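Comments concern the structure below.
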There are 2 protein chains.
Amino acid sequence: MATDSITAAATPPLLRRVNAAKLLGVLSRAGVMTGTGLIEATGLTRATVHAVCNDLIEMGWVVELDPGHATVGRPSRRFEFNSRAGYVLGVDVGAARSTVLLADLRGVTVAKAGRSLAAVKTPAERTELVDQAIEEALGAAGVTHAQVLAAGIGVAAPVDRAGHILADDEFWRLFDPALGTHLTTLHHWPALLENDANLATLGEHWRGVAQNVDDLAVLLAGERFGSGLMDSGRLLHGSRGGAGEMLYLKLVEGVGTTHGIARTIRAAAATALADPNLESTLRELAGPVSAEQVFAAAGVGDVVALGILRGVARRTARVIATLGILFNPELVVLGGGVAEAAGVLVPEIEAELSGFTTTPPRVAVSSLGDAIVSVGAVRHALNYVEAHALDLELRPGG
Amino acid sequence: MATDSITAAATPPLLRRVNAAKLLGVLSRAGVMTGTGLIEATGLTRATVHAVCNDLIEMGWVVELDPGHATVGRPSRRFEFNSRAGYVLGVDVGAARSTVLLADLRGVTVAKAGRSLAAVKTPAERTELVDQAIEEALGAAGVTHAQVLAAGIGVAAPVDRAGHILADDEFWRLFDPALGTHLTTLHHWPALLENDANLATLGEHWRGVAQNVDDLAVLLAGERFGSGLMDSGRLLHGSRGGAGEMLYLKLVEGVGTTHGIARTIRAAAATALADPNLESTLRELAGPVSAEQVFAAAGVGDVVALGILRGVARRTARVIATLGILFNPELVVLGGGVAEAAGVLVPEIEAELSGFTTTPPRVAVSSLGDAIVSVGAVRHALNYVEAHALDLELRPGG
DNA sequence: GTTGTTTATATAGACTCTAAATTTAGACTC
DNA sequence: GAGTCTAAATTTAGAGTCTATATAAACAAC
């Protein structure tokens with residue numbers, strides 16, 4: 001708004017760029033199209049469509065297939081988006097584990113790898129293990145470094161719009177000061193850092209339960225609450241990448257901490273079993289009770305477990321209520337470690353929500369499981385590739 | 001993202017549109033520029049600049065001035081943005097009062113009018129009074145209906161991105177079902193509805209204390225808390241226009257209601273004075289104590305008043321903390337009825353905030369006073385005009 | 001009045017698109 | 001198997017946009 005934007009003047013070649021980008025976008029979503037199909041989809045004339053397609057074939061983004069079997073008339077040229085013109089990486093650098101997805105340009109996963117980070121003691125060790133996972137994924141698919149066009153990297157830290165981890169925050173500065181620069185400089189591709197909850201939001205919007213939902217919140221709810229917020233299809237970042245931070249929960253009645261669902265369940269179970277008068281199948285288990293065990297016990301009717309889950313649902317409803325009222329998303333997606341099991345909480349959560357607002361958001365549980373962040377990281381990288389497609393140089397694989 | 005957008009193909013005239021829009025934007029911000037200045041600002045060549053300027057002069061958006069006194073060389077053509085090519089209205093339809101600003105295309109106010117809505121009983125009466133204020137402003141400036149290009153209308157209700165008041169909400173449906181359609185159909189200009197807190201945010205961003213701050217929250221804090229949220233220069237709306245709604249405050253410890261600063265102060269004063277043991281200058285006042293009186297008493301050292309304000313500051317800090325943590329704005333602006341007086345609360349609020357987060361937003365008090373919403377409404381209308389400038393037909397005034 | 005500087009105007013060339021005419025490739029018909 | 005039909009590809013002409021360069025104009029200074 002205030003920018004006097006000395007962006008370049010619009011010259012005739014800009015038209016070709018605009019039309020080429022548009023055609024490539026249409027084709028990448030459709031996969032294969034004929035010339036006539038592209039004419040209808042883009043509004044361009046046949047002459048232009050062919051000229052643009054020839055350009056894109058030259059650049060490597062499009063390949064021409066054998067003409068299809070025409071029923072009548074001259075056979076069409078058939079164009080296919082060259083989804084193997086390059087690859088992207090989606091990397092989730094979690095607290096306990098790093099997951100790497102290697103995907104083609106349509107987002108189809110071609111390799112997967114992971115490393116446990118549980119024993120990591122230094123940032124350098126973590127980076128090394130992440131690199132190992134990346135190399136493993138590339139090796140498994142036979143993809144060279146030069147073929148990778150971008151990598152999305154999810155971290156559990158505030159990341160601003162420029163992809164920088166908030167340096168002011170001492171915790172994260174200790175955590176991984178060099179992860180971003182390391183990955184960006186060591187490899188040939190841009191490493192696009194983003195907050196993990198934001199990537200989870202991109203993931204659900206792209207391939208999860210929030211497709212076609214442009215006003216969205218994703219609540220990572222396993223060990224610690226964190227959220228990603230999307231308004232009109234755009235992720236929020238705030239001034240220092242802190243949007244979605246949930247530390248305010250310590251001010252919310254009936255919530256009090258940012259402890260997530262799994263952690264809250266474990267604590268509640270420990271408290272309940274400390275009371276010798278309560279009878280529960282949970283008592284038969286050896287060692288501390290896990291959240292999964294409580295869900296399982298509730299599934300077979302254990303009264304104590306059901307009581308714990310009811311309390312957790314009510315608490316979670318309060319978390320969702322604050323987000324839902326202030327942001328007004330159409331949908332709140334529960335993700336993170338407990339996502340599948342948390343499905344049983346949804347009815348109770350929704351019932352509770354209606355006590356806080358007359359226009360509550362819908363509540364759903366993630367369908368992406370462990371991959372919620374890494375799938376979003378792939379989408380993040382693809383967004384970059386789509387935005388810069390005509391500027392990137394494609395290199396054929398070895 | 002999911003849209004297969006059958007937007008029109010990019011044809012050569014699009015270039016002219018792009019360049020004309022850019023040049024007009026530069027000129028509207030600068031006021032008067034020479035051809036050479038426009039060349040530098042736009043990156044276009046002289047031939048193109050002149051061609052575009054001739055087009056814009058033809059359309060009425062630009063006027064050519066007498067050549068300036070050249071120090072050396074051939075005198076430049078001088079072009080001026082024709083800020084009187086049309087006008088916009090900024091209308092604040094508040095609970096108690098409606099304020100109308102009439103502004104030229106650079107946003108300079110050329111007339112002002114208002115009506116009290118205190119005695120209004122029906123929507124039709126309200127609409128009638130708003131219309132009266134509009135007519136008064138137009139009459140005072142000698143501007144005809146045909147010269148008005150757009151009107152921004154602020155209402156204290158959720159308004160979605162399309163400018164529709166949330167119809168589901170029974171309160172607002174009773175309030176003013178037909179205000180939008182009435183104003184749109186009765187006059188020749190588009191009436192662009194928007195939530196009042198959102199307009200306040202536009203206003204502060206444009207002409208208030210938040211200039212150059214693109215991650216911003218404005219907290220209307222007079223009788224009832226309401227907020228407008230801006231991320232990266234864009235207003236948030238949520239799925240049904242409810243973004244910024246603060247009903248969640250009833251779940252926040254130490255807040256409990258959406259009652260604003262003025263209302264909270266009055267209630268605290270009444271409570272304090274009910275205790276016969278407390279000595280205070282407030283006791284000498286006749287009738288119920290107003291918020292202004294408490295601010296005044298505190299200003300002269302009244303201990304009870306100071307205690308009330310301290311409590312209000314702490315409560316307000318909790319409101320700002322929730323917004324500040326979840327949204328991470330760079331700045332939170334306090335606006336509404338108590339804005340000027342609330343300046344004295346800021347130090348206490350900021351001190352309190354640092355107890356909730358290590359990265360609190362800055363806190364400031366609105367500089368726009370009563371006009372916060374109507375100024376934003378003018379900006380909202382101007383945004384529309386700028387976006388559609390080349391499609392609008394300008395009509396000379398009578 | 002001549003010179004110098006800056007700007008305005010005119011012309012030529014390049015790139016882009018559309019629109020319309022022409023050609024082509026395959027299927028179908030007799 | 002030659003002719004016909006159809007849809008698509010290709011070619012050609014025309015219009016709009018920009019830049020770059022050359023030429024003309026207006027004013028100041030000497």
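Labels below follow one simple rule: chain letters A, B, ... track the order of the sequence lines, proteins then strands, and each chain is numbered from 1. All of these numbers come straight from a predicted model, not from anything done at the bench.
Under 4.0 angstrom from either OP1 or OP2 of dT17(D) there lies no side-chain N or O belonging to T48(B). Distances shorter than 4.0 Å separate none of the side-chain N or O atoms of T11(B) from OP1 or OP2 on dG16(D). Remark: N19(A) is in phosphate contact with dC17(C), judged by side-chain N or O atoms under 4.0 Å from OP1 or OP2.
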- Given the rule in the salt bridge (charged side-chain N to carboxylate O under 4.0 Å, His left out) test, do D160(B) and R240(B) qualify, once you have shown the distances and angles that lead to the verdict? CA-CA 5 Å; D160(B) 68 18; R240(B) 306 282 291 167; 5.6 Å; no
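Looking at heavy atoms from C-beta onward, V91(B) lies out of side-chain contact with S374(B) at the 4.5 angstrom threshold. The side-chain heavy atoms of M230(A) and H205(A), taken from C-beta on, include a pair separated by under 4.5 Å.
When ring centroids are compared, H388(A) and Y384(A) come within the 6.0 Å threshold.
Judged by closest nucleotide on DNA chain D, F79(A) is the one of F79(A) and L15(A) placed further toward the 5' end. Residue I39(A) is the one, among I39(A) and A51(B), whose nearest nucleotide of DNA chain D lies closer to the 5' end (criterion: closest heavy atom).
With sequence neighbours left out, R77(B) forms a side-chain contact (heavy atoms from CB on, under 4.5 Å) with H50(B), N54(B), I57(B), E64(B), F79(B). D66(A) pairs by the side-chain hydrogen bond (donor to acceptor under 3.5 Å, both in side chains) definition with nothing, not counting sequence neighbours. Residues satisfying the side-chain contact (heavy atoms from CB on, under 4.5 Å) criterion with A151(A), sequence neighbours excluded, are L89(A), I153(A), W189(A).
One can place CD of E40(A) at 13 Å from P of dA7(D), the figure rounded to the nearest angstrom. To the nearest angstrom, C1' of dA8(D) lies 13 Å from CD of E64(A). Residue L390(B) contributes atom CG, which lies 12 Å from atom P of dT17(D) at whole-angstrom precision. Following rounding to the nearest Å, D55(B) (CG) and dG16(D) (P) show an atom-to-atom distance of 12 Å. Regarding L38(B), its CG atom lies at a distance of 12 Å from the P atom of dT7(C), rounded to whole Å. Atom CG in L14(B) sits roughly 15 Å away from atom C1' in dT18(C) (whole-Å rounding).
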Between the protein and nucleotides 9-15 of chain C, list the N/O to N/O atom pairs that are separated by less than 3.5 angstrom.
from: dT9(C); atom 1: OP2; to: R77(B); atom 2: NH1; distance (Å): 3.4

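Using a 4.0 Å heavy-atom distance criterion, T36(B) is classed as a sugar-phosphate-only contact. Contacts of L44(B) with the nucleic acid, taken as non-hydrogen atoms under 4.0 Å apart, involve only primed sugar atoms and P, OP1 or OP2.
The salt bridge (charged side-chain N to carboxylate O under 4.0 Å, His left out) analysis of residues 46-61 of chain B, with sequence neighbours excluded, yields the pairs R16(B)-D55(B).
Distances were taken from every side-chain heavy atom of T45(A) (C-beta onward) to each of dT18(C), dT19(D), dT6(C); the shortest belongs to dT18(C).
Within the 3.5 Å criterion, the main-chain N or O of A111(B) finds no donor-acceptor partner in the side chain of T109(B).
Between its two ends, the helix from dG1(C)-dC30(D) to dC30(C)-dG1(D) turns its axis by 20°, counting five pairs per end and rounding to 10 degrees.
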